[in-house]
Protein chains: 2
Amino acid sequence: MKKEEQLKLENQICFPIYSVSRLITRAYKPHLDKLGLTYPQYLVLLVLWEENGLSVNKIGRKLLLNTNTLSPLIKRMEKNELLTRTRSKDDERTVLVDLTEKGINLKEKAASIPQELLNTLLNEDVEPSDVILLKKTLDSWINILAEDPESPADK
Amino acid sequence: MKKEEQLKLENQICFPIYSVSRLITRAYKPHLDKLGLTYPQYLVLLVLWEENGLSVNKIGRKLLLNTNTLSPLIKRMEKNELLTRTRSKDDERTVLVDLTEKGINLKEKAASIPQELLNTLLNEDVEPSDVILLKKTLDSWINILAEDPESPADK
DNA sequence: TATATTTGCATCGCACACGATTTAATCGTG
DNA sequence: CACGATTAAATCGTGTGCGATGCAAATATA
């Protein structure tokens, strides 16, 4: 590609990823609003619905988010009575996060949300195979980009 | 897919997009720090390097960002002397954004940044065809998700 | 066992995103 | 021309993201 072309917006790979990410959050919003959730809060619930009682650290490792993002976010969720925060008896540094009845019950109401987005796409002639391939590609990029920057021999 | 499976984090398409978007921003950061730019500011420059003197509105339409995000962002860039803001004489409501010498000159220094990310991926055996396909898919999703929600006959 | 290091979480400051609202300029219609 | 509707920016409030820093508990090491 010519040097002049490289900086055109339409030739950037970063921009469509950034935009689609925001557009998906936007598409989810009306559904999440009904449940009183934000998108990152919904992600925390996804994690806890799979395995309840995780530490802040473990939630962060699954979502690739640090505690400086998660701590206040989880506190807001506690205020909304979606979960409880308890210091672990084994290790006083660790905060264990447990869903409340209310948090558990949201699962049923949230179940249809991912399908809604998928339907929007499929209705516009997006091929299911495209979705699968996209996810596969992105997952491999996560593995590359989320690598612990300490581990490789960085000169 | 079984209902139980649908809400597993690993089966979400939204999560990898959200994560990769953040990881790319993170990967760009050290390069952009050298230029004193944030990632959204870099996007504004990409637009203006292609066509200088656009209105806030037009920049927003290209980046899919509203003025409530762009106005303060552009003001910060003005403070950093990357651009100037002038009310249009034709239409006093419109603010025209023009790059300064400093803003124009950053283009050369920024030219290598997208290639850096690409190289990181290619070094990890990502196929160039995957990148192209990914972009193509995401672009089509943008067209679907960014549609003006007023235009369709929404009952 | 005393001390240095590491770890888990929290706090602070800054910069987005974005819904909702405000203000001022322009446009459309009669 | 009058005046309501529309449009372009800006402002406000809330909620992320994240680098930097702080702090206390746990662990490693002398």
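In what follows, chains are A, B, ... by sequence order, proteins preceding strands, each numbered from 1.
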field: Closest non-hydrogen atom pair, A:Glu50 against B:Leu9
entry: OE2-N, 2.8 Å
- prompt: Rounded to whole angstrom units, what separation is found between the CG atom of B:Leu96 and the P atom of D:dA10?
  reply: 11 Å
message: Does C:dG8 have its OP1 or OP2 closer than 4.0 Å to a side-chain nitrogen or oxygen of A:Arg87?
response: no
statement: All heavy atoms of A:Leu23 vs all of B:Ile142, minimum pair found to be CD1-CA, 4.1 Å
statement: From NZ of B:Lys79 across to C1' of C:dC14 the rounded distance in Å is 11 Å
- prompt: Any chain of hydrophobic side-chain contacts (each under 4.5 Å) joining B:Leu133 to A:Ile17?
  reply: no
query: A:Glu78 and A:Arg85: which non-hydrogen atoms are nearest, and at how many Å?
result: OE1-NH1, 3.2 Å
statement: In numerical order, the residues of residues 51-62 of chain B whose heavy atoms come under 4.0 Å of DNA chain C are none
- request: For A:Asp90, report the nucleic acid contact type (base, sugar-phosphate, nothing); a contact means any heavy atom under 4.0 Å.
  value: sugar-phosphate
message: Do A:Asn57 and A:Leu70 have side chains that approach each other closer than 4.5 Å (heavy atoms only, starting at C-beta)?
response: no
- prompt: Within 45 degrees of the axis of the six-membered ring of B:Tyr28 and under 6.0 Å from its centre: does B:Arg26 put its NZ or CZ there?
  reply: no
- line: Rounded to whole Å, the CG-C1' distance (A:Asp33 to D:dT14) equals 12 Å
- request: Output, in order, the C-alpha distance, side-chain angles, deciding distance and verdict of side chain to side chain contact (heavy atoms under 4.5 Å, CB included) for B:Val126 and B:Leu118.
  value: CA-CA 9 Å; B:Val126 167; B:Leu118 213 51; over 6 Å; no
- line: Residues A:Gly36 and A:Gln41: closest non-hydrogen pair is O-OE1, 4.1 Å
Any side-chain donor near an acceptor of the partner, B:Arg76 and B:Asn80, under 3.5 Å: no
Nearest-angstrom distance from the residue atom CG of A:Leu37 to C1' of C:dC18: 17 Å
task: Report the base-pairing partner of C:dG30 (Watson-Crick or G-U wobble, both distances below 3.5 angstrom), or none.
output: D:dC1
- prompt: B:Leu32 has an atom CG; how far is it from atom P of C:dC16, in whole Å?
  reply: 11 Å
message: Looking at C:dC9, I'd like to know if its phosphate oxygens (OP1 or OP2) sit under 4.0 Å from a side-chain N or O belonging to A:Thr67.
response: no
- line: Letter by letter from the 5' end, nucleotides 16-25 of chain D scores (B base, S sugar-phosphate only, - none; protein heavy atoms under 4.0 Å) BBBBB----B
